[in-house]
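Ligands are counted one by one from 1 in listed order, and the atoms in each one are counted from 1 as well.
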Amino acid sequence: MRILLSAVLMIICTVARADDNNALEREVEQVVATMLEEFKTALTTAMKEDGPAAAVGVCRDVAPGIYLDLALDRGWRVTRVGTRVRNPLFGTPDAWEQAGLAEFRQRQADGETLESMTRNETVREPGGRYYRHLRALGTQPVCTTCHGPRDEIAPDIRAMLDEQYPHDRAVGYAAGDLRGAVSVKVPLAD
Ligand code: HEC
């Protein structure tokens with residue numbers, strides 16, 4: 001009887017935990033979608049109104065502003081990581097993110113489209129449990145303005161990038177390439 005009860009309890013707990021994770025997954029996906037939308041609007045408005053050189057400032061200032069707001073509002077770590085990186089502070093993938101990017105590359109090679117490609121996992125690290133979410137970012141034609149082959153980037157943008165990001169490695173991308181991913185890390189109770 002006792003064994004049966006604990007088995008039932010275990011099943012209930014597992015189902016409850018799965019439900020919690022599904023709710024969290026939906027919340028995270030929603031926040032990422034809003035963030036990408038906000039970012040896209042800021043980028044296209046700046047590109048249209050002030051030109052691509054001014055939009056470099058949007059990428060430099062708007063993105064970290066959004067990461068900081070999400071960190072303080074929700075207690076999550078949110079950032080964009082790259083397969084090659086322009087700003088190492090925010091863009092360098094950790095081990096889990098590197099494995100995720102490698103998985104995305106493989107899935108793309110196997111015929112899956114990058115759009116809405118994600119990886120979700122609950123992990124245990126030395127410091128505790130985390131829910132992790134990675135969402136692929138493909139290179140769209142507009143992205144090549146600042147991430148395309150170095151010698152195809154307009155001279156004024158190249159000059160700005162060289163000045164602000166002297167260690168820039170995030171160039172040489174063609175439309176359709178995997179550029180990186182949005183990464184979210186949510187601390188969980190033990
Ligand atoms: C106007 C220039 C510009 C355009 C257009 C642009 N980016 Fe960037 N991108 C930047 C800059 C500048 C950074 C570094 C931001 C920072 O300092 O955190 C960056 C950083 C990134 C990063 C973070 C990893 C890294 O390399 O530091 C990703 C991912 C990224 N861009 C993806 C994209 C995608 C996808 C597009 C197209 C939808 C795009 N970018 C369009 C200028 C641009």
Can you figure out which of [options] has its heavy atom closest to [atom]?
atom                    : options                      : answer
atom 37 (C) of ligand 1 : Cys143, Gly51, Ala175, Pro52 : Cys143
atom 21 (C) of ligand 1 : Arg86, Arg169, Arg80         : Arg80
atom 31 (N) of ligand 1 : Met160, Gln164, His147       : His147

Which atoms of ligand 1 are found less than 4.0 Å from any heavy atom of [X]?
X      : answer
Val81  : 29 (C)
Gly138 : 35 (C)
Arg179 : 21 (C), 22 (C), 24 (C), 25 (C), 26 (O), 28 (C), 30 (C), 31 (N), 32 (C)
Leu137 : 29 (C)
Val85  : 26 (O), 27 (O)
Arg84  : 26 (O)
Ala170 : 26 (O)
Phe90  : 18 (O)

Taking [atom] as the reference point, the nearest protein heavy atom with its distance:
atom                    : value
atom 3 (C) of ligand 1  : Cys146 SG, 2.8 Å
atom 18 (O) of ligand 1 : Asn87 ND2, 3.3 Å
atom 14 (C) of ligand 1 : Tyr165 OH, 3.5 Å
atom 43 (C) of ligand 1 : Cys59 SG, 3.2 Å

Might you point out which heavy atoms bring Pro93 and Glu97 nearest each other, and give the distance in Å?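 Of all heavy-atom pairs spanning Pro93 and Glu97, the closest is CA-OE1, 3.3 Å.
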
For Ser183 and Leu134, which heavy atoms make the closest approach, and how far apart are they?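 Residues Ser183 and Leu134, closest heavy atoms: CB-CD1, 3.6 Å.
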
May I ask you to check whether [X] and [Y] show a side-chain donor-acceptor distance below 3.5 Å?
X      : Y      : answer
Asp110 : Gln106 : yes
Glu125 : Trp96  : no
Arg77  : Tyr67  : no

Determine yes or no for a side-chain-to-main-chain donor-acceptor pair under 3.5 angstrom, with [X] supplying the side chain and [Y] the backbone.
X      : Y      : result
Thr139 : Asp177 : yes
Arg132 : Glu121 : no
Glu115 : Ala136 : no
Arg169 : Arg86  : no

So is Thr139 close enough to ligand 1, meaning a heavy atom under 4.0 angstrom away?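 No.
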
Separation of Thr44 OG1 from Glu49 CD (nearest 0.5 Å):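 Separation between the atoms: 9.5 Å.
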
